[in-house]
Structures are given as structure tokens and as C-alpha cells.
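Side chains are part of it too, since the values below use all heavy atoms of this structure and drop only hydrogens, waters and symmetry mates. Here the structure is a predicted model, which means the values were calculated and not measured.
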Amino acid sequence: MILYNPTVTVRVGLFVLLTSLAIPSDARDSRPAVAQDSTGHLAYNGDAFGNIVPDFSLAGYRSGGVPLPDAPVAVTLKPGIGSNDDSERIQAAIDQAAKAPQRQSDGVRGAVLLKRGAYRCGTTLHIPAGVTLRGEGQGADGSVITATMLPRSANDKPTLIQMSGGGRIAVDATAHAVLDKAVPLGVLKMKVAGAASFRAGDRVMVERKATQSWIHDLKMDQIAKLPKGGQQWKPDGYTLRWQSSIVAAIGDTVTLDTPVVCALEQIYGGGELRKITADPRGRAAAVERLRLVSVYQRGMETSDENHAWNAIAMDGLVDSWVREVTALHFAFACVSVGKNASRITVQDCAMLDGVSEVKGGRRYSFCGGGQYVLVQRCYARNGRHDFVNGHGDVGPTVYLDCLA
């Protein structure tokens, strides 16, 4: 249970980064973008050019609507009496749990249970696929891990718990060009070259090109007052890629199981599909029921950055989760999800009182950079950008019933 401070709250509903709509227009449409039909179901109404709100319901663990599993306890640890650093023995327990047999139904192997009390870690804990790191509560009287690590260089931003799976997705060399003049936001169908080579169930990578003309029309090569270290946009930094699966391929048209999250327009370079040939990412990594605290210099709450930045970071994972975790005094995030993660749930978590300078790249309490990330019932206090996505994140990302 998280206790919310009602003094200043911002209620956050549903959010997605909509990078581009197909063919901007001044056309007006009086119908609501999403409404309830006569049967009680949601009806999505397109605009004059076919753009519709993407389906958010696939966000989260195993595409949503599925309870998070409970991993059986494989190893139990008690607080070390007088220990200055518990990193090695906790990591050894995690490595032992990773050797447990894997459940075929969900990829779960086992959990490391940290009994109630205090733990200290001077190095990053690495959670592999199938392993849960679990405590006995996120309150001050629960299982508390204090991050004592310090940056090793000016660019080092230490993480207390790193959740990692396998490597990056591999795709076929053959690119299937999108033939439509424009594929609007949120749709499931598109015409592609060589569609006959696809079969239902094939996993694909959709790529949206970025061109200098697109950047120019957005006026993002004409930024008058660049921040320090900033630059005008360049095409190589704005190519977007996201995964989907083929539902059907009929004639030159393919139907996908997930919506287009950014319009594909021929005038701006169009797009292409490639078959996914390997996906080495792991699944079923989890962190739950813990309180994570970073050390820092007292009295320097808006200047000290010589301490841990992330409580939890994850990447290279699918169908994984963080629940019932409270993080205090980290410089960046309670949970930061990388771009190579998908179908992630973060729920019932809190980021309290970050310690850092108050400027760009700090205090991003919950950062949903992956694909189909669900952040629900989470809370942030004294953050900066509390529920945030970056410029290259494709989403859809859902922030539901969150408070800041």
C-alpha cells in the first residue's frame, strides 16, 4: 500500500507519444476520437485522413489483462549483522535462483526473498530473466536496500538494480517497402511489396523513415535558441522501429496484430517491414516489495549527484514487471525502461524526493522507453518529469491512475 501526499497532486490518465499523424489537415470532425458504442464497447472514430487513437489495451505484462505471477522462493536471505556490503551474497543468491528449472507457461524460475531488515549494496545487482528479487514490504519497516555506490567517472550514472535479458532483435536482410501513399496512425492494415512471403504468425519489425524534408516541415532544423549541448534535428536520429506480428496476408495487404504507432508517409520516406529472425530477449524478470534508498550528502538535496541515479533499470526483456517498490533520493528514476523492452508492467510504486540538480536529464521518476509499457497506481514526490517518454520512444505507453 502506498500512502499518497494529497497536498499537491496531478492525476495522470492515459498517455501516448504521437510523433506524427498522416497528412495534416484543417478538416473538422465533430465525432469524438473514442466513444462508447451501443453495446458498451469502445468505438474508435478516424479523422478525415484515417488517423485513429491507437489501441492501448495491449500494454503491460503479456499484453494486459493477465495477473502477474508469483515466483516460488528459491533462496532466502536475512539481513547481515554488521555487514557494510551485502552485494556479493545477494548476487550469489540471484545467480543460484537463475539455475532453477524454468516454468514453460511463463518463464519463471524462482525468487530470492530478502527478509525484513536492512541491506547495503556498493555494486549493482543484476537480475536475469526468470528471477524475482522480492522483499517483505516497501515501507521503512520492510526490506530496505541502501545503495552506497559512487560514480566511477564524470559520466558514470550508477544503477542499484539492473534487470537484463538477452541481446537485440535480429531481422531479415530483405526489406518489404510499404506501398501506401500514407498509412495513418492507429491502423492495422497496410500494403507492402512481397506480401505473399508473409504468413500468419510471422513477427516483423516496422520501420518508419525520417527525412530532412520531414524535419524541415516541422521546423526542427530551424530551432532559434538551442539549449547548451543541443543541436538541430538530423534524420539519422529519428528513424523509428517497432515490433508487430502478421495476422493475415491477402494479396498485397498485410494485417498486423498491433496498431501503427507513427504514420508512414511516402512524401517523408515511407516505411518498410522486415521479418524478425531472432529475438533473444529474456522474460519474467521481476523486482517486488522492496524499499530502495540512495545515500547522499545531507543538505545538498538540489546539488549532490555523486551517488546512485537509478533505483531500477531494465532492458532486453519482455513480459517482466516491477511492483510495490518505493525508491528514495535517487537522481533519475525509480524505474527506467529501455527501448529494447516490451510488455512491461510497473505498478504500485513510488519515487520520493530525488536528489540532484533540478535541470534536464534528472528526476524522471518513471521513464517508459520501451514498447507497450503499463505504469499504474504509481506516485512521485519532488520529481521533475515524473511520467515521461523520450523523443524516440514508440509506445504506446500507458500511465494509469498515477499521482505526482
Side-chain angles (χ1 to χ4, degrees), residues 1-3 61 67-103 106-149 158-164 282 284-296 307-308 310-314 317 320-330 333-335 345-353 377-379:
M1 177 67 69
I2 301 171
L3 298 179
Y61 174 77
L68 300 179
D70 283 309
V73 175
V75 185
T76 300
L77 293 180
K78 295 181 179 180
I81 304 300
S83 173
N84 288 323
D85 195 339
D86 298 290
S87 305
E88 186 173 340
R89 69 190 190 98
I90 295 176
Q91 189 62 57
I94 292 169
D95 296 343
Q96 182 179 340
K99 298 176 182 178
Q102 184 181 48
R103 289 197 312 223
D106 55 18
V108 167
R109 293 184 183 276
V112 173
L113 176 62
L114 301 183
K115 299 294 286 184
R116 193 179 306 272
Y119 303 80
R120 295 173 66 84
C121 288
T123 57
T124 299
L125 300 174
H126 294 272
I127 312 296
V131 175
T132 295
L133 181 63
R134 179 186 300 148
E136 289 191 323
Q138 67 191 113
D141 60 347
S143 301
V144 182
I145 304 178
T146 298
T148 62
M149 66 273 291
T159 292
L160 174 56
I161 299 175
Q162 179 68 55
M163 303 168 64
S164 302
V287 177
E288 50 192 37
R289 300 166 193 149
L290 289 169
R291 190 175 186 87
L292 309 177
V293 183
S294 175
V295 299
Y296 72 96
H307 61 100
N310 287 305
I312 302 169
M314 68 165 73
L317 290 165
S320 298
W321 67 94
V322 177
R323 61 177 162 182
E324 297 174 37
V325 170
T326 294
L328 295 93
H329 311 320
F330 292 85
C334 174
V335 182
T345 292
V346 179
Q347 68 181 36
D348 302 315
C349 293
M351 174 67 172
L352 307 179
D353 305 334
R377 301 189 303 273
C378 290
Y379 174 64

Counting only N and O atoms by type, is there a donor-acceptor contact under 3.5 Å from the side chain of D85 to the main-chain atoms of G122?
yes
Quick one: are S83 and E88 in side-chain contact, heavy atoms under 4.5 Å?
no
Grab the two heavy atoms, one from S143 and one from L114, that are nearest each other, plus how far apart they are.
OG-O, 2.7 Å
Nearest atoms (heavy-atom pairs only) where T123 meets S87:
OG1-CB, 3.1 Å
Approximate separation, where rounding is to 0.5 Å, of D86 CG and L77 CG:
8.5 Å
Closest contact, heavy atoms only, L113 versus E136:
CD1-CG, 4.0 Å
Side chain of Q347, backbone of R377: donor and acceptor closer than 3.5 Å?
no
In this structure, CG of L317 is separated from OG of S164 (nearest 0.5 Å) by 6.5 Å
Keeping T326 on the side-chain end and R291 on the backbone end, is there a donor-acceptor pair under 3.5 Å?
no
Classify the ring geometry between W321 and Y61 as parallel (under 30°), tilted (30 to 60°) or perpendicular (over 60°).
perpendicular
d(T124 OG1, M149 CE) to nearest 0.5 Å is 4.5 Å
Mark yes or no for whether D353, through its side chain, and H329, through its backbone, hold a donor-acceptor pair below 3.5 Å.
no
Tell me the closest heavy-atom pair linking R109 and A100, and the distance in Å.
NH1-O, 2.8 Å
Grab the two heavy atoms, one from V322 and one from M163, that are nearest each other, plus how far apart they are.
CG2-SD, 3.9 Å
Could you give the distance from CG (D348) to CZ (R289), rounded to the nearest 0.5 Å?
10.0 Å
To the nearest 0.5 Å, how far apart are CG in L160 and CG in N310?
9.5 Å
Does anything in residues 68-82 pair up under side chain to side chain donor-acceptor pair (under 3.5 Å), and if so which pairs, sequence neighbours excluded?
D70-R323
Value for CD1 (I312) from CD1 (I127), rounded to nearest 0.5 Å, stands at 9.0 Å
Measure across A98 and P128 and return the closest heavy-atom pair with its distance rounded to 0.1 Å.
CB-CG, 3.9 Å
Would you mind telling me which of T148, V144, V293 makes a side-chain contact (heavy atoms from CB on, under 4.5 Å) with R120?
T148
Can you tell me which residue among D95, V287, V108, I94 is in a side-chain contact (heavy atoms from CB on, under 4.5 Å) with V131?
I94
Using modelled atom types only, decide if a donor and an acceptor are shared between the side chain of R134 and the backbone of A71 within a distance under 3.5 Å.
yes
